[in-house]
Number of protein chains: 2
Amino acid sequence: MKLTSKGRYAVMALVDLARFDNINPVSLRDISLRQGISLDYLEQIFSKLKKNEIVKSIRGTQGGYVLNKKPNDIKLTNIFHAVDEKVKTVQCKKESKKGCNGKATKCITHNLWDELETHINTFFENKSLKDLLNNNKETRI
Amino acid sequence: MKLTSKGRYAVMALVDLARFDNINPVSLRDISLRQGISLDYLEQIFSKLKKNEIVKSIRGTQGGYVLNKKPNDIKLTNIFHAVDEKVKTVQCKKESKKGCNGKATKCITHNLWDELETHINTFFENKSLKDLLNNNKETRI
DNA sequence: CTAAACTTGACTATTTTAGTCAGGTATATA
DNA sequence: TATATACCTGACTAAAATAGTCAAGTTTAG
Ligand code: FES
Ligand code: FES
């Protein structure tokens, strides 16, 4: 049970972005350098963040990315969903009545994993980008 | 972020075991059949559960496994620890002062992942096998 | 015009997972 | 005591997921 780099990097990059975005668009190159994340990989991630309307892009020289919403309105849930980082603890399809073993009923631990999934998702729903900014927001470049 | 089969199977098998173990030792073959888990894989898992004193084994015909503690004293934490299913959300080594990017300080999201780790572990610490048995404990074979 | 920076899609090495396979050893029971 | 049952151990491996890389663009400020 571990978090993938994609989800971790997405959040890391967005926090970095949020710290500077009140001034100028932030280039991925800068984020890459500051956070030590591969530029090519960041591009994949931001492509998804853009599709999900979490960031906006500005092309050309001096371009970069800007947040598309207020930090307070960007929950971890949104970020994770955007980059396909999903919490999956049950093995079966939830909608189906069948169990994870192919049997006709849910397995004896189904409810447990379902509870766990809810437990984790609650955490993600209650955390926003703003919560991660605290008092280390930059006011100048 | 997903649970591996090893952890899932371990809990599933132990719940199955707990439901019958007040009568006779339970053979892995039976668990395998009832829960649809590969016998060879179960053997790997139970080897670890035994090393961690969660179950006891009885060899020979009519042999099998029995719980080594009361269901109430077997927390999910214990089970997961036994089979090396660990919750890993931070990327860095916790003890070290270095960050996950190799830099001298912790990354800007370190505290977040650490909180998440605690959040999940709390769930595991508060759930015991007994909680999973409810009222579907078997009284006869 | 040119360099900075976004855009897109295909490709791949590495690691992890989820097992399988092949040989054991111990013991209850007939 | 013979035998079948069931635990025990370690090595091996196919498949999937991960964490990227690579290549070839397009857009736009200066
Ligand atoms: S996890 Fe849903 S049936 Fe097993
Ligand atoms: S997760 Fe600990 S430093 Fe990044």
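Proteins come first, then strands; the chains are lettered A, B, ... in the order of their sequence lines, and each starts at number 1.
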May I ask you to test the Asp84(A)-Lys6(A) pair for a side-chain heavy-atom distance under 4.5 Å? no
Quick one: does any side-chain atom of Thr109(B) pair with a main-chain N or O of Leu112(B) as donor and acceptor, under 3.5 Å?
no
Is the shortest heavy-atom distance from the side chain of Glu85(B) to the side chain of Phe124(B) under 4.5 Å?
no
For Lys130(A), I'd like to know if atom NZ has over 12 heavy atoms of other residues, nucleotides or ligands within 6.0 Å.
no
**Prompt:** Would you find more than 12 non-hydrogen atoms of other residues, nucleotides or ligands less than 6.0 Å from Lys88(B) atom NZ?
**Reply:** yes
Residues 73-82 of chain A vs side-chain hydrogen bond (donor to acceptor under 3.5 Å, both in side chains), sequence neighbours excluded, gives none
With sugar-phosphate taken as primed atoms, P, OP1 and OP2 and all else as base, the protein-contact string of nucleotides 1-15 of chain C at under 4.0 Å (heavy atoms; B, S, -) is --BBSBB--B-----
Should the ring pair Tyr41(A) and Tyr9(A) be called parallel, tilted or perpendicular, given that the plane angle runs from 0 to 90° and is split at 30 and 60? perpendicular
The first and last nucleotides of DNA chain D lying within contact of chain B, meaning any atom under 4.0 Å from one of its heavy atoms, run from dA4(D) to dA17(D)
Rounded to whole Å, the CG-C1' distance (Asn101(A) to dG19(C)) equals 17 Å
Computed from five pairs at either end and rounded to 10 degrees, the angle between the axes of the helix from dC1(C)-dG30(D) to dA30(C)-dT1(D) is 10°
Output a table of donor-acceptor pairs, distance under 3.5 Å, between side-chain atoms of residues 52-72 of chain B and any protein atom two or more places apart or on a different chain; print 'none' if there are none.
residue: Asn52(B); atom: ND2; partner: Lys48(B); partner atom: O; Å: 2.9
residue: Ser57(B); atom: OG; partner: Lys50(B); partner atom: NZ; Å: 3.2
residue: Asn68(B); atom: ND2; partner: Glu53(B); partner atom: O; Å: 3.1

By side-chain contact (heavy atoms from CB on, under 4.5 Å), Lys51(A) pairs with (sequence neighbours left out) Ser47(A)
Would the distance check show the side chain of Glu117(A) and the main-chain N or O of Thr89(A) forming a donor-acceptor pair, the cut-off being under 3.5 Å? yes
